[in-house]
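Below is one structure, written out as structure tokens; the observations come after it.
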Amino acid sequence: MNSKETNHSKDAKTPPSEGLGEAVLIKNGHIITASDNYIGDIFIQDETITAVGKNLTVKADKEIDATGLLVFPGAIDPHVHLEMPFMGTFSSDNYETGTRAALHGGTTTVIDFILQKQGNSLFDAYNEWSGRANNNAVGDYSFHMAVTDFNENTAKEIVDLIEKEGITSFKMFMAYKGALMIDDKQMVGLMNEVKQRGGMVTVHATNGDMIDFLIAKHRSEGKMAPIYHYLSQPEVTEAEASERFAGIAGYTGCPGYIVHLTCEGALNAVRNNNRNNQKVFVETCIQYLLLDASLYEKDFDGAKWVMSPPLREKKDQAALWAGINQGIIQVVATDHCPFKWEQKLMGKDDFSKIPNGHPAIEHRVELLYSEGVRTGKITLNKFVEVLSTNPAKIFGMHPRKGCIAPGADADIVLFDPNQKHTISAATHHMNTDYSGYEGWELTGKCKTVLLRGKVVIDDGKCLVEKGNGKYIKRSKVGGII
Ligand code: URP
Ligand code: ZN
Ligand code: ZN
């Protein structure tokens, strides 16, 4: 362990100021950030960290003994879908259940995707999503805007979304034709506009036409089981689209971010384009690191893992872990898009009707710790970097979020690295009746979670109600972190 002793305290002897909210002192924690690793104290006044150091002598209203616990910044999940209308149904976690489950698992801020309806304005969609989130979120949240219909009117809305609403990232779908997909012409137009306004584009990079061809082929041959979802989205469909996206991003100069990248071929497409000096950030998701396509061989049970892109092969997992350590993959998210089993059954006779997505918002941090840090695949610092610091930086929330330093929001996880527990739908907090990780035994658990200085989770209990979560406006970062 790198035992760096740090004292970032501005004035460790300052008593709590009159008029501020509760002053909290976290004592003797093993503080981990993206770069540091030391034993220390954290002093919080109102919602903010005001001092970090060793043996702080401050007067606090409440003291938390963190001896033996890891203490790291609240995780940020920049890829979730809450109450999203999709494939004839809605994802089953709403803002209340989804952000509460996130808090249980140490994720204090999520970024959800607003979906523009083709033919409607971006602000129509923004108002709809805000209506669902306002007064309902338990944890903090922000929005990306998915542009599904780029035209002159949408172009005009982008500036207001960035400047007034703090929505600085715009999603493009290269698949789901007829509902969400835009073509390359619209992609170039959107990237030019977003670049000019200082935003960034994010992308679901798979070749929608090729996938639709393969789906139709399998259906016409009577191949209807969940495994054909996987076989309709081979690696090349993702590699090709990632290459095309990175090339267009390089051409337009627009900063880009590939969501839920799953495979070696797509990662190599980014590598190739990086040789041309363009920068595309990459997100993978916890399931692609830990689960593989053999799960689709379980007949209809495989529907639990029907998501797009699908789970891949062991060699892809190896490429993703390496990509994280090489710094080509900057973020590990979830793509949390849960459905109940009854909803999955919509596709019992036809894999193409199984709602795509799976529940994950609650267990990303504990899974990555147990399966990534404890197995020696990544360091503790990398763990914090990909779960919290990088998403905060890439999406314009740093240094308010994603770090433990004076001035930051006091979003803090106190984590017991030795506590063993078993994942089960019977005990999780997500609004789904199955788990993609049922029976997995993990070591390491979120014990106490603070959001903006308030203890929101303590020993498995949520201490706050819906409406506790705040909307986080994000800044323009122009692709520089
Ligand atoms: O299967 C998935 N990923 N469902 C959610 C929508 C998306 O493509 O991200
Ligand atoms: Zn997607
Ligand atoms: Zn998604």
Side-chain angles (χ1 to χ4, degrees), residues 76-93 98 102 107 110-117 125 129 141-148 169-182 187 201-208 211-212 215 226 228-230 232-233 237-238 241-242 245 256-263 266 282-289 291 293 295-296 302-312 331-340 343-344 346-347 351-361 364 391 395 430 432 434 436:
I76 296 169
D77 192 339
H79 190 156
V80 306
H81 302 281
L82 300 175
E83 213 177 334
M84 177 176 75
F86 188 52
M87 296 185 73
T89 185
F90 281 79
S91 55
S92 60
D93 265 318
T107 294
V110 301
I111 315 182
D112 189 20
F113 289 90
I114 299 174
L115 302 184
Q116 176 195 21
K117 260 200 207 102
W129 256 257
Y141 65 97
S142 190
F143 295 128
H144 306 281
M145 173 61 72
V147 178
T148 62
S169 44
F170 296 84
K171 167 97 172 271
M172 311 184 298
F173 286 93
M174 297 171 79
Y176 304 122
K177 200 168 189 168
L180 303 173
M181 178 169 155
I182 58 175
M187 264 173 45
V201 290
T202 73
V203 67
H204 172 124
T206 61
N207 183 320
I211 293 167
D212 287 346
I215 291 174
Y228 292 100
H229 169 79
Y230 164 63
S232 299
Q233 300 202 32
T237 57
E238 194 180 332
S242 302
F245 168 76
Y257 176 99
I258 300 180
V259 304
H260 57 37
L261 184 140
T262 70
C263 58
V282 175
E283 162 199 292
T284 189
C285 296
I286 190 71
Q287 59 272 24
Y288 300 118
L289 291 166
L291 306 176
L295 290 166
Y296 297 121
K304 288 177 182 164
W305 300 279
V306 163
M307 62 186 82
S308 293
L311 301 175
R312 302 283 185 200
V331 173
V332 177
T334 62
D335 191 10
H336 176 71
C337 188
F339 297 100
K340 292 194 165 177
Q343 295 172 287
K344 287 281 181 182
M346 290 163 68
F351 71 89
S352 70
K353 297 193 166 49
I354 301 170
N356 286 199
H358 98 311
I361 204 166
R364 174 183 61 139
F395 292 111
M430 299 176 286
T432 54
Y434 73 90

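Start at 1 and go down the list; that is how both ligands and their atoms are numbered.
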* Check Q287, Q233, E238 against T262 for a side chain to side chain donor-acceptor pair (under 3.5 Å) and give me the one that passes. =>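 So the option named by the test is E238.
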
At under 4.0 Å between heavy atoms, which part of [X] makes contact with ligand 1: side chain, backbone, both or neither?
X    : answer
H358 : neither
H204 : side chain
D335 : side chain
F113 : neither

So which heavy atom in the protein is nearest [atom], and how far is it from that ligand atom?
atom                   : answer
atom 4 (N) of ligand 1 : N356 O, 3.0 Å
atom 1 (O) of ligand 1 : S308 N, 2.7 Å
atom 8 (O) of ligand 1 : Y176 OH, 2.7 Å

* **Heavy-atom pair with the smallest gap, counting every atom of C285 and V332** =>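 What the structure gives for the nearest pair is C-CG1, 4.2 Å.
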
* Would you mind telling me which of D112, I111, T107 makes a side-chain contact (heavy atoms from CB on, under 4.5 Å) with D77? =>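 Only one option passes, and that is T107.
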
Using residues 353-361 as the side-chain source, report each donor-acceptor pair under 3.5 Å to any protein atom, sequence neighbours left out, with the distance given to one decimal.
residue : atom : partner : partner atom : Å
K353    : NZ   : D350    : OD2          : 3.2
N356    : OD1  : S308    : OG           : 2.5
N356    : ND2  : I354    : O            : 2.9

* Which atoms of ligand 1 are found less than 4.0 Å from any heavy atom of M307? ->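 This gives 1 (O) as the contact atoms.
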
* Side chain proximity check, H229 to P310, heavy atoms < 4.5 angstrom ->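 The answer is yes, as the side chains (C-beta and beyond) meet within the 4.5 Å cut-off.
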
* Asked: Is there a side-chain contact between H336 and R364, using heavy atoms and a 4.5 Å cut-off?
  ->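 Side-chain contact under 4.5 Å: no.
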
* Asked: Among all residues two or more places apart in sequence or in another chain, which pass the ring pair (Phe, Tyr, Trp, His ring centres under 6.0 Å) test with Y141?
  ->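 Once residues adjacent in sequence are excluded, the partners of Y141 under the ring pair (Phe, Tyr, Trp, His ring centres under 6.0 Å) criterion are Y95, F143, Y471.
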
* the Zn ion (ligand 3) is nearest to which N, O or S atom of H79? ->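 Nearest N/O/S atom of H79: NE2.
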
With under 30° as parallel and over 60° as perpendicular, where do the rings of [X] and [Y] fit, or are they tilted in between?
X    : Y    : value
F86  : Y176 : perpendicular
H79  : F113 : perpendicular
H204 : F173 : tilted

* Could you pull out, from H260, H79, H81, the option with a heavy atom nearest to atom 5 (C) of ligand 1? =>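 Comparing heavy atoms across H260, H79, H81, the nearest one to atom 5 (C) of ligand 1 lies in H81.
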
* N/O/S atom of C337 inside 2.8 Å of the Zn ion (ligand 3), strictly under ->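 It does not: C337 brings no N, O or S atom closer than 2.8 Å to the Zn ion (ligand 3).
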
* To do: Name all residues meeting the side-chain contact (heavy atoms from CB on, under 4.5 Å) criterion together with K304; count only those two or more places apart in sequence or in a different chain, and write none if there are none.
  =>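 Listed in chain order: D301, W341, Y434.
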
* To do: Could you grab the protein N, O or S atoms closer than 2.8 Å to the Zn ion (ligand 2) for me?
  =>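 The answer is H204 ND1, H260 NE2.
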
